[in-house]
Amino acid sequence: MTITDEDCLAETLAFNKQFEAAAANRPVRAGTPDAALLAALRRNRLGGDSPPVRLPHGQDRVVEGGVKVRVFVPGQVDGVYLHIHGGGWVFGSADGQDERLWLLAERARLAVVSVDYRLAPEHPFPAGPDDCEAAARWLVKHAAAEFGSQRLLIGGESAGAHLSVVTLLRLRDRHGITGAFRAAHLLFGPYDLSMTPSQRSFGSRRLLSNTDTLRRTYELFTPGMGPEERRDPEASPLFADLAGLPTARIVVGTEDPLRDDSLFLAARWQAAGAAVKLGVVAGAMHGFTLFPLTITERELRRERDFLSSTGR
């Protein structure tokens, strides 16, 4: 395990403290949000209080299976990145981070296809995974004709990282597809929905995610399931056979309740025979790349470097 960005620790911890202080003035939400509140929260950028910026570079499309995607195509394409957004399977959208995805497309020379998968609680498990699987299968069949490249990559943040691993496993187990996606980029994902030790012990700190918010999110995404049922590899990929998966880069912060998820997944990924790069960011909370921090600039640069160079 490599801990990175220790030279930024003072800035990162100061931001965490500021975030917690601001969160203390907001009401704690319990249970399922009503439709009006859910709609209002979904209109805003993840981690913020204003709508995201939509760029004209993004193209909204519907692919096989009726799945909606948002596509960014730069002038030169050296690969295709299937991006799966975060938001606890309840929030977020394919057009929620146009600026970041367009920058990635241009600098890494990637066609970026972001999946607008169905969200819980209206569409609980397995609706979201079904949509991501359908989008991935579409790319396997059509990426060369659509974008001029068969070099496929996959990844996402938080719930999107979870869905990325689930998608790779579904391609392998349901369709016999291995090797089509040459790399996975996984940012601070939950891989054990029955809760790893770091999830259970994190407590009620008012950072972007904590023990209580994770538990509520799992209840919305997998209603009617208890911890034992959530250990099913279909829902918790940490318990799956990980053989045949591609090279991965797995990143998490030291102040993230999902820290163990990334540490455990990296160990199992490597044990299954695939190359893995694990990065642990000093002082970083869950979702840190949403915020204007030095560690965010560095992490997004490392992401671009990995996706532009891996799997060639």
Side-chain angles (χ1 to χ4, degrees), residues 42 46 58 60-72 79-97 101 104 110-143 146-147 152-193 217-218 220-222 230 232-240 242 244-246 248-250 261 265 307:
R42 285 175 176 170
L46 286 176
D60 295 320
R61 297 185 56 179
V62 178
V63 300
E64 291 175 15
V67 176
K68 298 176 182 178
V69 298
R70 187 160 174 80
V71 180
F72 301 84
V80 184
Y81 177 48
L82 181 62
H83 171 258
I84 307 178
H85 70 78
W89 309 279
V90 175
F91 303 103
S93 62
D95 65 355
Q97 44 188 323
L101 294 182
L104 174 64
L110 297 172
V112 177
V113 178
S114 190
V115 189
D116 211 15
Y117 57 90
R118 288 170 291 171
L119 299 174
E122 302 96 322
H123 304 285
F125 178 87
D130 289 348
D131 291 347
C132 296
E133 175 189 350
R137 291 188 68 202
W138 175 76
L139 276 183
V140 170
K141 289 187 283 185
H142 300 292
E146 290 276 349
F147 306 111
L152 301 182
L153 314 161
I154 190 171
E157 314 82 41
S158 193
H162 165 273
L163 291 169
S164 296
V165 183
V166 169
T167 298
L168 290 171
L169 294 170
R170 283 177 170 222
L171 290 178
R172 183 195 68 187
D173 296 342
R174 298 183 178 196
H175 310 289
I177 298 172
T178 58
F181 284 86
R182 302 182 190 181
H185 193 269
L186 308 172
L187 274 175
F188 39 75
Y191 308 114
D192 175 3
L193 274 55
T217 298
Y218 299 156
L220 293 175
F221 179 53
T222 56
R230 292 191 182 109
D232 187 320
E234 288 275 329
S236 291
L238 187 61
F239 296 98
L242 301 180
L245 299 188
R249 182 168 184 267
I250 299 174
D261 294 62
L265 184 72
L307 291 173

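The analysis underlying the following values was restricted to heavy atoms, covering all of them including side chains, and did not include hydrogens, waters or symmetry mates. Just so you know, residue 1 is the first one in the sequence shown, and it goes up from there.
Expressed to the nearest 0.5 Å, how far CG of Leu171 lies from CD of Glu133 amounts to 6.5 Å. In this structure, Asp130 CG and Phe125 CZ are separated by 8.0 Å, a value rounded to the nearest 0.5 Å. Note that the NE2 atom of His185 and the NE2 atom of His83 stand 10.5 Å from one another [nearest 0.5 Å]. Rounded to the nearest 0.5 angstrom, Ile84 CD1 and Ser158 OG are separated by 12.5 Å. Note that OG1 of Thr178 is 10.5 Å distant from CG of Asp173, once rounded to the nearest 0.5 Å. The structure places OG1 of Thr222 at 13.0 Å from CD of Glu234, a figure rounded to the nearest 0.5 Å.
In this structure Tyr117 satisfies the ring pair (Phe, Tyr, Trp, His ring centres under 6.0 Å) test together with His85, sequence neighbours excluded. Partners of Phe239 under the ring pair (Phe, Tyr, Trp, His ring centres under 6.0 Å) rule, at least two apart in sequence or in another chain, do not exist in this structure.
Nearest approach of Pro126 to Arg170, heavy atoms of both residues: CB-NH2, 3.6 Å. The shortest heavy-atom contact between Val80 and Ala143 is CG2-CB, 4.3 Å. Residue Phe188 comes nearest to Glu157 through the heavy atom pair CE1-CB, 3.7 Å, listed as atom of the first residue, atom of the second, then distance. Listed here is the closest heavy atom pair of Ala135 and Val67: CB-CG1, 4.4 Å. Contact record, Gly156 with Ser164: N-OG, 3.6 Å, taken as the closest heavy-atom pair. Taking both residues in full, the closest heavy atoms of Pro129 and Val166 are given as CB-CG1, 4.1 Å, listed atom of the first, atom of the second, then distance.
Note: Phe221 and Trp89 have parallel aromatic rings, judged against thresholds of 30 and 60 degrees for the angle between ring planes.
A salt bridge does not link Asp131 with Lys68: none of the charged nitrogens is closer than 4.0 Å to a carboxylate oxygen. Taking the charged nitrogens against the carboxylate oxygens, Arg70 and Asp95 have no contact shorter than 4.0 Å, which rules out a salt bridge.
One N or O on the side chain of His162 and one on the backbone of Ala235 form a donor-acceptor pair closer than 3.5 Å.
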**Asked** Would Leu110 and Phe72 count as a side-chain contact (heavy atoms from CB on, under 4.5 Å) if you check the C-alpha gap in whole Å, the side-chain angles of each, and the deciding distance to 0.1 Å?
**Response** CA-CA 8 Å; Leu110 297 172; Phe72 301 84; over 6 Å; no
**Request:** Report the C-alpha distance between Leu307 and Arg249 in whole Å, list the side-chain angles of each, state the deciding distance to 0.1 Å, and finish with yes or no for side-chain contact (heavy atoms from CB on, under 4.5 Å).
**Result:** CA-CA 9 Å; Leu307 291 173; Arg249 182 168 184 267; over 6 Å; no
**Prompt:** Which is it for Asp261 and Leu238 under the side-chain contact (heavy atoms from CB on, under 4.5 Å) test, yes or no, and what are the steps along the way?
**Reply:** CA-CA 8 Å; Asp261 294 62; Leu238 187 61; 5.6 Å; no
**Message:** The test is side-chain contact (heavy atoms from CB on, under 4.5 Å); show your working for Val90 and Arg42 and say whether it passes.
**Reply:** CA-CA 8 Å; Val90 175; Arg42 285 175 176 170; 4.2 Å; yes
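Of the residues Leu169, Leu168, Thr167, the one that meets the side chain to side chain contact (heavy atoms under 4.5 Å, CB included) test with Val165 is Leu169. For the side chain to side chain contact (heavy atoms under 4.5 Å, CB included) with Leu139, the lone residue among Val63, Ile154, Val69, Leu82 that qualifies is Leu82.
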